[in-house]
Amino acid sequence: IIYGMSAFGLAVRLKISRSEASQIIKNYFKEYIGIQNYIDSQIDFAKDKGYVETMLGRRRYLRDINSGNSVVRNFAERNAINAPIQGSSADMIKIAMIDKEMTARNMKSKMILQVHDELVFDVCKDELDVIQEIVRDKMLNALPLSIPIEVNLNTGENWLEAH
């Protein structure tokens, strides 16, 4: 909903009536008033500047934000809302990834992959508790935020099993 899903799109996705989907969207924005303010401010900023920014200042330029074509403009507006959120999340995970604590401790465990907002580690079983502590700490403290961050740690013999 935050990224501009229409009542029609929500109705299709949830297999409900369009009127019910419309009511869900209205209730959502009524309950979370700040979200509409965020959406409006991001779109206004993008229309004025031609770009939006992550928390660390990385820019996403949106050349179509003032397009006369509503389909093209609406796509750019959704990007104006999404890019700062997704981009700041990417900034956070990159900062957490750069940390050298595992290397400094001469650990056998290694980070092997990043997939979107996930980090995948090959962990020696006897280092699991320490690795989880390090990863949680680095993710929670990567960026100074005024809201709580949720870090989920899962384990398994392979990536699929960890889900």
Side-chain angles (χ1 to χ4, degrees), residues 1-98 111-121 131-132 135-163:
I1 295 172
I2 189 173
Y3 300 127
M5 182 175 281
S6 67
F8 174 78
L10 186 61
V12 169
R13 182 166 288 173
L14 298 179
K15 297 180 175 104
I16 59 176
S17 71
R18 193 179 302 179
S19 62
E20 188 177 359
S22 179
Q23 191 60 49
I24 288 171
I25 292 170
K26 286 178 189 171
N27 290 343
Y28 177 82
F29 286 114
K30 187 176 178 181
E31 179 73 21
Y32 303 105
I33 296 167
I35 292 175
Q36 188 63 58
N37 294 337
Y38 167 79
I39 290 170
D40 295 341
S41 69
Q42 286 302 118
I43 292 172
D44 290 345
F45 182 92
K47 286 182 176 185
D48 182 50
K49 304 286 186 186
Y51 64 86
V52 289
E53 294 180 320
T54 68
M55 290 177 63
L56 297 182
R58 284 191 308 116
R59 291 182 180 177
R60 168 80 186 261
Y61 287 90
L62 302 164
R63 63 183 173 92
D64 295 325
I65 193 69
N66 292 306
S67 173
N69 180 321
S70 64
V71 172
V72 171
R73 184 182 60 250
N74 288 341
F75 181 76
E77 288 176 355
R78 286 191 298 277
N79 277 301
I81 298 162
N82 178 289
I85 296 169
Q86 295 295 324
S88 294
S89 176
D91 290 345
M92 180 186 298
I93 204 161
K94 287 173 188 170
I95 289 169
M97 286 171 58
I98 292 170
M111 181 179 6
I112 58 171
L113 187 64
Q114 176 198 357
V115 181
H116 301 293
D117 61 349
E118 295 183 41
L119 297 177
V120 180
F121 293 83
I131 293 293
Q132 287 183 327
V135 171
R136 181 180 303 283
D137 176 66
K138 298 308 169 193
M139 287 301 297
L140 291 174
N141 295 298
L143 292 176
L145 300 172
S146 61
I147 58 168
I149 296 299
E150 184 177 317
V151 177
N152 296 310
L153 303 169
N154 299 305
T155 62
E157 292 297 318
N158 57 56
W159 186 44
L160 182 61
E161 193 177 293
H163 283 93

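- One distance of note links CD1 of Ile147 with CD1 of Ile149; it measures 5.0 Å at 0.5 Å rounding.
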request  = Check step by step if side-chain hydrogen bond (donor to acceptor under 3.5 Å, both in side chains) holds for Ser89 and Asp117.
outcome  = CA-CA 7 Å; Ser89 176; Asp117 61 349; 5.4 Å; no

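- When all heavy atoms are compared, the tightest approach of Met5 to Ile25 is O-CD1, 3.6 Å.
- Here Glu77 pairs with Lys47, Arg73 under the salt bridge (Lys or Arg N to Asp or Glu O under 4.0 Å) rule; sequence neighbours left out.
- Looking at Leu140 and Arg136, their side chains come closer than 4.5 Å, going by heavy atoms from C-beta outward.
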request  = Give the intermediate values and the outcome of side chain to side chain contact (heavy atoms under 4.5 Å, CB included) for residues Ile1 and Ile24.
outcome  = CA-CA 9 Å; Ile1 295 172; Ile24 288 171; 4.2 Å; yes

Side chains of residues 7-21: which donor-acceptor partners sit under 3.5 Å, not counting sequence neighbours?
from, atom 1, to, atom 2, distance (Å)
Ser17, OG, Ser19, OG, 3.2
Ser17, OG, Glu20, N, 3.0

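- Other residues, nucleotides and ligands contribute over 12 non-hydrogen atoms within 6.0 Å of the CZ atom of Phe29.
- Tyr51 OH to Ile65 CD1: the interatomic distance, rounded to the nearest 0.5 Å, is 13.5 Å.
- Summarising the geometry of Leu143 relative to Ser88, their closest heavy-atom pair is CD1-O, 3.8 Å, with the distance given to 0.1 Å.
- A side-chain donor-acceptor contact under 3.5 Å links Asn158 to the backbone of Glu161.
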request  = Check the pair Arg63, Tyr61 against side-chain hydrogen bond (donor to acceptor under 3.5 Å, both in side chains), reporting the backbone distance first and the verdict last.
outcome  = CA-CA 6 Å; Arg63 63 183 173 92; Tyr61 287 90; over 6 Å; no

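- Note on ring orientation: taking the six-membered ring where Trp is involved, the planes of His163 and Trp159 are perpendicular (angle over 60°, cut-offs 30° and 60°).
- Residues Ile93 and Glu118 share a closest heavy-atom pair of CD1-N, 3.7 Å.
- Listed for the Asn141 side chain is a donor-acceptor partner under 3.5 Å among the backbone atoms of Asp137.
- Considering CD1 of Ile131 and CG of Leu119, their distance stands at 11.5 Å, rounded to 0.5 Å.
- The heavy-atom pair separating Ala46 from Val52 by the smallest distance is CB-CG1, 3.8 Å.
- Closest approach of Pro84 and Glu53 over heavy atoms only: CB-O, 3.4 Å.
- Here the side chains of Ile95 and Met92 are not in contact, with every heavy-atom distance at 4.5 Å or above.
- The shortest side-chain heavy-atom distance between Ile85 and Tyr38 falls under the 4.5 Å cut-off.
- The CG atom of Asn154 sits 9.0 Å away from atom CD of Gln132, with the distance rounded to the nearest 0.5 Å.
- Across every non-hydrogen atom of Ala80 and Gln42, the tightest pair is O-NE2, 3.5 Å.
- Side-chain atoms of Arg60 do not come within 3.5 Å of backbone N or O of Asn79 as any donor-acceptor pair.
- For CG of Leu160, the number of neighbouring non-hydrogen atoms (other residues, nucleotides, ligands) closer than 6.0 Å is 12 at most.
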